[in-house]
Peer 1: 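One structure follows; several queries about it will come next.
Here is the naming used below: chain letters follow the sequence lines, and residue numbers restart at 1 for every chain. Remember, predicted model here, so these are calculated numbers, not experimental data.
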There are 2 protein chains.
Amino acid sequence: MATTRRPGGRSARVQAAVHRAVTDLVCERGADQVTIPAVAERAEVNPTTVYRRWGSIPALLAEVAAAEESGPPAPTGDLGADLAAYAEWTLADLSRPGGIAFFRAEVAADVDERRAGLRECLKRSSTTIEALLDRARGAGHEVPALTDVIDRVVAPLYFRVVFSIPGTDAAYARGLASALHREA
Amino acid sequence: MATTRRPGGRSARVQAAVHRAVTDLVCERGADQVTIPAVAERAEVNPTTVYRRWGSIPALLAEVAAAEESGPPAPTGDLGADLAAYAEWTLADLSRPGGIAFFRAEVAADVDERRAGLRECLKRSSTTIEALLDRARGAGHEVPALTDVIDRVVAPLYFRVVFSIPGTDAAYARGLASALHREA
DNA sequence: CGGCTAAAGCAAAGTGCTTTGCGTTAAGCT
DNA sequence: AGCTTAACGCAAAGCACTTTGCTTTAGCCG
């Protein structure tokens, strides 16, 4: 039989407190300075609880990042607008507190975990983009390849956020999308 | 008076042994699993020595990465060929053992150090690219902006290496460069 | 060659993350 | 309401990295 769970009152409160503590600490100190004892103290829970429920910092950051991520914009079928919206959303997702921190943590995590985290991250992006392209393709348009969207839109945004290149804002994101769209 | 240094025999041997140990361990376990005690043991030197000479893992990785990096190819003035060569070299640099590990370490390092390391990394790339563009510009050609080279060539390569996207080889790197070149 | 001292080695203490065993609390269910 | 037990708290032990004071080794220079 399946072990019965207890998501009710207390567990939910602990989870909320821990999540909040993680985002706060990531903003204040950066993802690499976030330790489980620090999170536990800020959340006013026992470190043992965090160790037993989440096990490691990468796992905890992953959960928090996933919980905070807003879904990507729904494609409308207008390829130009959809690409722009997707680019803008991607940048917003990376720029939000903890967004890039999550990415940093994944990049730095140990081999097995890293592969899992990065692969999932890439797969989600690919799926979203494919949906967007399919929608436009269904409307009878010529669409760029997935790989081009990644190279021309997604990669520059990640690169610019990681390197903190100034001027990387929503307008820039839209510009990347429209430059690709114009060529198709 | 300036403190006299002793780069001779023993220090040089220790440095070489430590460098070799770092690259070996990075290859075997990944950058995040490399600790100073582990490096010291592999290099058959005392951990204290590593702590006193390098202080931290990021600093040590930075030195090793810098020491191993081969210089970028000299620009010939042929923009298409130079861009392709630069793209290929960048990919080779990232792909070599420890290349991306160094990047990963920088990305994950704490705030102050990270900024310094990433900024220097970006600055070096920018300088190299500018030199390449200037050379072509001097030959009277129309050249793309630095920012376009970064977005279209450098960023995709970093992104693909970090995410381990298959098919990211020398031919792909050249393809990125030539796609940009064709537009100009 | 012989002195000076930078650089390496050694050992012990310090620090902070992590694990473990056990008692306590409070969901969920009848 | 009362029982069961998942989930949390607590405290002590474990472990690994890091620091520190001192000793020993071996470049460099006169």
Side-chain angles (χ1 to χ4, degrees), chain A residues 1-22 25-26 28-64 67 101 105 108-113, chain B residues 1-22 24-26 28-64 67 101 105 108-110 112-113:
Chain A
M1 72 178 203
T3 48
T4 56
R5 296 275 142 208
R6 279 184 194 178
R10 186 167 61 166
S11 292
R13 268 197 308 280
V14 168
Q15 178 172 348
V18 168
H19 278 205
R20 182 181 184 106
V22 168
L25 289 176
V26 164
E28 290 171 18
R29 309 186 193 175
D32 59 308
Q33 296 295 322
V34 176
T35 66
I36 289 182
V39 168
E41 185 183 355
R42 171 68 72 105
E44 294 181 313
V45 300
N46 197 285
T48 307
T49 298
V50 182
Y51 279 112
R52 284 211 247 255
R53 251 179 95 167
W54 288 278
S56 70
I57 281 290
L60 181 50
L61 286 176
E63 184 181 296
V64 172
D110 72 23
V111 183
D112 292 337
E113 278 184 279
Chain B
M1 72 179 205
T3 49
T4 56
R5 294 278 144 203
R6 279 184 194 177
R10 187 165 62 165
S11 293
R13 269 197 308 278
V14 168
Q15 177 172 346
V18 168
H19 278 204
R20 181 180 188 108
V22 167
D24 287 354
L25 288 176
V26 163
E28 290 172 19
R29 308 186 194 175
D32 59 309
Q33 296 295 321
V34 176
T35 66
I36 289 183
V39 168
E41 185 183 354
R42 172 68 73 103
E44 294 181 313
V45 300
N46 198 286
T48 307
T49 299
V50 181
Y51 279 112
R52 284 210 248 256
R53 251 180 95 164
W54 287 278
S56 70
I57 282 290
L60 181 50
L61 286 176
E63 185 181 296
V64 172
D110 73 25
D112 291 338
E113 278 184 278

Peer 1: Starting from P on C:dT5, measure out to CZ on B:Arg10 and report it in whole angstrom.
Peer 2: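 Atom-to-atom, B:Arg10 to C:dT5, this comes out as 17 Å.
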Peer 1: side-chain contact (heavy atoms from CB on, under 4.5 Å) between A:Val64 and A:Val26: does it pass, once the steps are laid out?
Peer 2: CA-CA 11 Å; A:Val64 172; A:Val26 164; over 6 Å; no
Peer 1: Using the test side-chain hydrogen bond (donor to acceptor under 3.5 Å, both in side chains), find all partners of B:Glu41 that sit at least two apart in sequence or belong to another chain.
Peer 2: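 Partners of B:Glu41 by the side-chain hydrogen bond (donor to acceptor under 3.5 Å, both in side chains) criterion come out as none, since no residue qualifies.
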Peer 1: Nearest-Å distance, CG (A:Asn46) to P (C:dC17)?
Peer 2: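 It works out to 14 Å between those atoms.
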Peer 1: Could you go through the side-chain contact (heavy atoms from CB on, under 4.5 Å) check for B:Arg42 and B:Glu28 one step at a time?
Peer 2: CA-CA 12 Å; B:Arg42 172 68 73 103; B:Glu28 290 172 19; 2.8 Å; yes
Peer 1: By nearest nucleotide on DNA chain C, pick out whichever of B:Val14 and A:Ile36 is the more 5' one.
Peer 2: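 Between the two, 5'-proximity favours B:Val14.
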Peer 1: To the nearest Å, how far apart are B:Glu44 CD and C:dC10 P?
Peer 2: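 Distance, rounded to whole Å: 12 Å.
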Peer 1: Quick one: OG1 on B:Thr49 to CZ on B:Arg53, what's the gap to the nearest 0.5 Å?
Peer 2: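 The CZ atom of B:Arg53 is 8.5 Å from OG1 of B:Thr49, to the nearest 0.5 Å.
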Peer 1: For the pair made of CD in A:Gln33 and C1' in C:dG16, what is the distance, rounded to whole Å?
Peer 2: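 So the CD-C1' distance, A:Gln33 to C:dG16, works out to 13 Å.
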Peer 1: About how many Å separate CD1 of A:Ile36 and CD1 of A:Ile57, when rounded to the nearest 0.5 Å?
Peer 2: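 One gets 4.5 Å once the value is rounded to the nearest 0.5 Å.
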Peer 1: What is the distance, rounded to the nearest whole Å, between atom CG of B:Leu25 and atom C1' of D:dC17?
Peer 2: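 Answer to the nearest Å: 15 Å.
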Peer 1: Atom CZ of B:Arg52 and atom P of C:dT5: how far apart are they, to the nearest Å?
Peer 2: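 Atom-to-atom, B:Arg52 to C:dT5, this comes out as 18 Å.
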Peer 1: If only side-chain N and O atoms of B:Tyr51 are considered, is one of them under 4.0 Å from the OP1 or OP2 phosphate oxygen of D:dT18?
Peer 2: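 B:Tyr51 to D:dT18 OP1/OP2: side-chain N or O found under 4.0 Å.
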Peer 1: Does B:Thr48 get its side chain close enough to the base of C:dA11, under 3.5 Å, for a donor-acceptor pair?
Peer 2: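 Such a pair is found, so the answer is yes.
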Peer 1: Just N and O in the side chain of A:Ser11: are any of them under 4.0 Å from OP1 or OP2 of D:dC8?
Peer 2: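 Indeed, a polar side-chain atom of A:Ser11 lies that close.
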Peer 1: Rounding to a whole Å, what distance do you find between A:Trp54:CH2 and C:dT18:P?
Peer 2: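 The distance from CH2 of A:Trp54 to P of C:dT18 comes to 15 Å, rounded to the nearest Å.
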Peer 1: Between A:Pro37 and B:Thr49, which has a closest nucleotide on DNA chain C that is more 5'?
Peer 2: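 It is B:Thr49 whose nearest nucleotide is closer to the 5' end.
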Peer 1: Rounding to an integer number of Å, can you tell me how far B:Arg13 CZ sits from C:dA8 P?
Peer 2: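 After rounding, the gap between these two atoms is 10 Å.
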Peer 1: Does a side-chain N or O from A:Arg53 land closer than 4.0 Å to OP1 or OP2 of D:dA7, or not?
Peer 2: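 Checking A:Arg53 against D:dA7: no side-chain N or O falls below 4.0 Å of OP1 or OP2.
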